[in-house]
Structure formats: structure tokens, C-alpha cells
Amino acid sequence: MTYDVLGIGFGPSNLALAIAVEEHNAQAADGARIRAGFLEKQPRFGWHRGMLIDDATMQVSFLKDLVTMRDPKSGYSFLCYLQERDRLVDFLNQKTLFPLRIEFHDYLEWAAARVAGLVEYSSEVVAVKPVTEDGEVVAFDVVSRDPGNPDATVVRRARSLCVATGMEPHLPPGATRSERVFHNSELIPRVGALLERGTPVRRAVVLGAGQSAAETVDYLHRHFPEAEICSVFAKYGYTPADDSPFANRIFDPEAVDIFYNAPPEVKQSLFDYHRGTNYSVVDMDLIESLSRTMYQEKVQGRQRMRMLNVSRIREIDAQDDGLRIGIEFLPTAERDVLDADLLVCATGYQPRGIDERLGELGKLCRRDDEDALVVGRDHRVATHQNVTAAIYLQGGTEHTHGLTSTLLSNTAVRAGEIRSSLIERRRESGALEG
């Protein structure tokens with residue numbers, strides 16, 4: 001069987017596409033259905049499991065779920081999930097747009113289970129090879145690990161790929177992952193393992209100034225009640241997230257059109273102006289909570305939470321019994337050394353390059369003067385003339401589609417746009433009936 005589209009990665013973005021395809025197929029005639037499949041290297045669905053802190057809430061409205069912005073009548077909405085879980089009335093009584101993060105993850109798992117027939121878990125993609133006919137690349141052979149035999153592989157052929165492999169945790173220069181040094185994406189399992197073993201933690205250092213860093217500081221402070229928790233960042237203080245109504249319009253679907261069609265210098269200006277909606281910013285409620293905690297500790301004469309602001313980590317020296325972390329206070333260049341048991345790097349994520357994800361397929365793609373991928377409005381990568389097979393990207397397109405490239409805000413709409421493009425391409429090729 002040749003797939004119309006094969007998705008690589010099965011996080012929220014490709015889950016939304018799977019739902020969009022499923023809903024289309026439910027109403028389409030046999031010849032008009034989209035043959036789709038998805039490959040995911042994880043053994044089951046999971047999305048930022050390491051940061052599913054019990055009381056953390058989403059930073060995006062539940063109405064920006066997998067489907068509602070595309071089709072408010074969809075049976076895959078967060079409200080339908082609540083109804084099925086018998087919590088609709090209870091949720092409404094909370095008077096909030098922002099569900100618990102663990103609840104939203106449960107919603108995603110609920111939706112993923114309903115389209116489970118389209119996805120193969122434990123199927124890491126190891127290679128993608130172009131299929132050539134008469135000099136024209138007409139399809140791709142996707143090689144993935146066999147879930148039943150990790151030493152074997154399975155090959156699937158597809159006319160289109162939709163790559164949504166997400167972002168990878170970024171560690172700063174000089175930081176090497178170890179038992180004592182890790183990214184905040186591993187926070188909950190790492191802390192759980194330390195508590196289970198009874199490993200003493202006297203001091204933990206958190207590097208970063210965004211939401212994840214502040215949440216990590218709070219989480220460590222609560223789970224290690226005898227430890228000192230030090231937050232290190234280059235700013236003077238945490239910056240509040242700009243979630244005001246007008247600023248949030250940068251996440252509207254029509255804002256993608258405006259951004260996409262703008263000249264490069266305007267794109268950069270828009271990105272710079274609105275970084276405060278998403279990057280290195282913290283919810284005001286959490287900022288105030290951390291500030292109250294620090295003040296209470298100061299009053300009580302035992303300050304466990306410390307903010308080492310306007311500072312950078314310059315050295316990380318791993319010892320047998322802990323870490324020696326060199327910290328520079330930037331205004332004076334004064335250096336200090338902290339003995340610590342843990343260093344948690346809440347230093348964000350970076351996109352995986354298409355060459356890294358797709359190997360030789362990167363050579364088929366067109367690039368602009370800045371060596372960035374040229375991507376169409378329908379999220380399809382521009383390829384050389386001899387390539388008729390398609391590569392769609394969900395993520396890694398901030399330079400063309402703006403801030404929502406990797407965010408939930410436009411996931412539902414983006415999935416609908418890719419589905420429409422797939423249908424149109426089939427119609428143009430004559431493969432679509434009806």
C-alpha cells in the first residue's frame with residue numbers, strides 16, 4: 001500500500017492531523033479518502049510528561065484544543081472529552097479557560113486512543129529514501145524500527161510526509177547530561193528517583209528565566225524542604241508574560257497570513273516585538289507566589305529560595321560528591337562558586353534540522369539566502385523541480401509562519417490546512433475520485 005501521507009512523530013500536531021483525516025474519511029466516498037499513517041518512536045502517546053506538575057495549568061485556552069478552532073462541532077474537542085469523563089459541569093464551575101496540564105494531557109491521550117488505528121508506536125524512523133521514476137521523485141520509502149523486533153525494520157511508501165518530530169531539549173555550552181545535570185524536561189522522573197532512593201539534596205541550582213525555570217524552582221522547593229534552591233539567570237528579575245488581549249492576537253489564524261506575506265524585516269520586527277508572549281517569560285501569578293515565598297523566608301530567618309539575578313554560569317565542575325558551579329555576577333564580573341547536588345537546565349528547546357531528521361531528503365529542499373527552508377503557506381517545503389512528492393512541516397517554520405509554528409494555538413487550523421492541501425494535491429494528480 002502507498003500512503004497518501006505518512007506522519008513522522010505523533011505529538012499534538014500530527015495527532016490533530018490524524019483527527020482531521022479521520023473526520024474527512026468518515027464523510028468521504030471510498031475513492032476520496034486519504035490513506036494516512038503515523039510513526040512514533042515512543043511506546044505510547046506522551047507530551048512533555050517530565051513537566052506534568054500536579055498543580056500546573058495550561059497557558060493556552062482549552063478552546064485552542066486539537067479541533068475547535070477548525071471545527072467547533074467536532075466530537076474530538078476538549079468539551080466532548082469532559083462530557084465523556086463526566087466532568088463538564090465541574091469544569092465549568094471552575095470559571096477558567098485554562099485546565100490543569102495533567103488534565104489536558106489526559107485529553108490528548110483520550111484523543112490519541114480514538115485514532116490509535118492510524119499510528120504505530122515504538123517505530124522510530126531511521127531513514128527516509130526518495131523513490132525515483134524516470135528521474136522524478138514521486139514518493140518516499142520510510143524505514144522504521146519494527147515494534148516487535150528492534151533489530152528489524154519496516155519499510156512504508158508514501159506520496160507525502162508530514163514531519164512533526166518536535167523540539168529537542170537544549171543544554172547550554174559546558175553542561176553535560178549526567179545524574180546531577182539534566183534538562184527540566186526530565187524533572188518529575190528525576191526528582192521521583194532521588195526521593196525514592198532517599199538521596200540527600202542540600203542545594204539545587206536552576207538555570208533559566210522562563211516559565212519552565214520558575215516552575216522548576218517552585219517544584220524543587222516543595223519537594224526538597226531542607227534544600228536551598230538557587231535560580232540563576234541573566235535578567236534582573238522574571239519577566240511577566242504578555243497575555244493581554246491585543247498582544248494575543250499574534251496567535252490568531254489570520255496573523256499567520258500577515259506574517260507569511262510580510263517582508264523579512266517586518267517578520268523580524270514582529271517576532272522581536274512579541275517575544276514576550278512566549279519566550280523567557282513567566283505567568284504573573286507564579287512570579288508573585290515565588291516572591292511571597294522568598295519574603296516569608298526572609299522574615300523567618302531561613303532563606304532557602306535564592307535568586308542569583310544578572311548572573312551567568314561560567315563553569316561546571318563535576319566532583320565525586322557533587323558539583324562546583326562557577327557563577328559570574330555580570331555587573332562587576334565577580335565570580336563565586338556554589339557547591340550543589342543538582343543543576344537543572346531550564347534552557348528551552350531547539351528545532352531538529354531537516355537534514356538530521358530526514359537525511360538525504362534535505363538535498364531535495366530549496367533554501368533561501370539565509371539558508372533557511374523555503375516553506376509554502378500550506379506548510380509544504382518547496383522542493384526542486386524533479387520532486388513531485390511532498391514534505392510538510394509542523395514546527396520549525398517560525399521564520400515563515402511566525403510564533404505559532406511550534407505552539408498549540410494554531411494546531412487545529414494548521415492540521416486543517418495540511419489536510420486541504422493533501423486533498424487538493426490528490427485531486428490535481430487525478431488520484432482523487434468524487
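Values below: all heavy atoms of this structure, side chains included; hydrogens, waters and symmetry mates excluded.
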Listed partners of [X] passing salt bridge (Lys or Arg N to Asp or Glu O under 4.0 Å), at least two apart:
X: E84; result: none
X: D283; result: none
X: R302; result: E226

Item to check | Under the ring-ring contact (aromatic ring centres under 6.0 Å, His included) test, residues paired with F91 that sit two or more places apart | outcome: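 Checked F91 against ring-ring contact (aromatic ring centres under 6.0 Å, His included); matches are F62, F78.
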Item to check | Residues in ring-ring contact (aromatic ring centres under 6.0 Å, His included) contact with H48, at least two apart in sequence or another chain | outcome: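 Checked H48 against ring-ring contact (aromatic ring centres under 6.0 Å, His included); matches are Y349.
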Going by the side chain to side chain donor-acceptor pair (under 3.5 Å) test, which pairs reach into [range], not counting sequence neighbours?
range: residues 114-123; answer: none
range: residues 253-269; answer: D257-R377, Q268-D272
range: residues 172-194; answer: R177-E186, H183-S185, E186-R190
range: residues 88-102; answer: R101-E215

Next on the checklist: S74: which residues meet the side chain to side chain contact (heavy atoms under 4.5 Å, CB included) condition with it, sequence neighbours left out?
Outcome noted: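 In terms of side chain to side chain contact (heavy atoms under 4.5 Å, CB included), with neighbours along the sequence ignored, S74 is linked to E23, V67, D71, Y76.
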Next on the checklist: Restricting to side chain to side chain contact (heavy atoms under 4.5 Å, CB included), what partner residues turn up for A193, sequence neighbours left out?
Outcome noted: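 Side chain to side chain contact (heavy atoms under 4.5 Å, CB included) check on A193 returns R197.
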Quick one: side chains of residues 322-330, donor-acceptor pairs under 3.5 Å with protein atoms, not counting sequence neighbours, listed by atom name and distance.
unit_1, atom_1, unit_2, atom_2, d
R324, NH1, D339, OD1, 2.9
E328, OE1, R314, NE, 2.6
E328, OE1, R314, NH2, 3.2

Checklist entry - Got T239 and S280 here, is their nearest side-chain heavy-atom distance under 4.5 Å? => result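 No, side chains not in contact.
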Item to check | Parallel, tilted or perpendicular, as decided by the 30° and 60° cut-offs, for the rings of F38 and F10 | outcome: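 Tilted.
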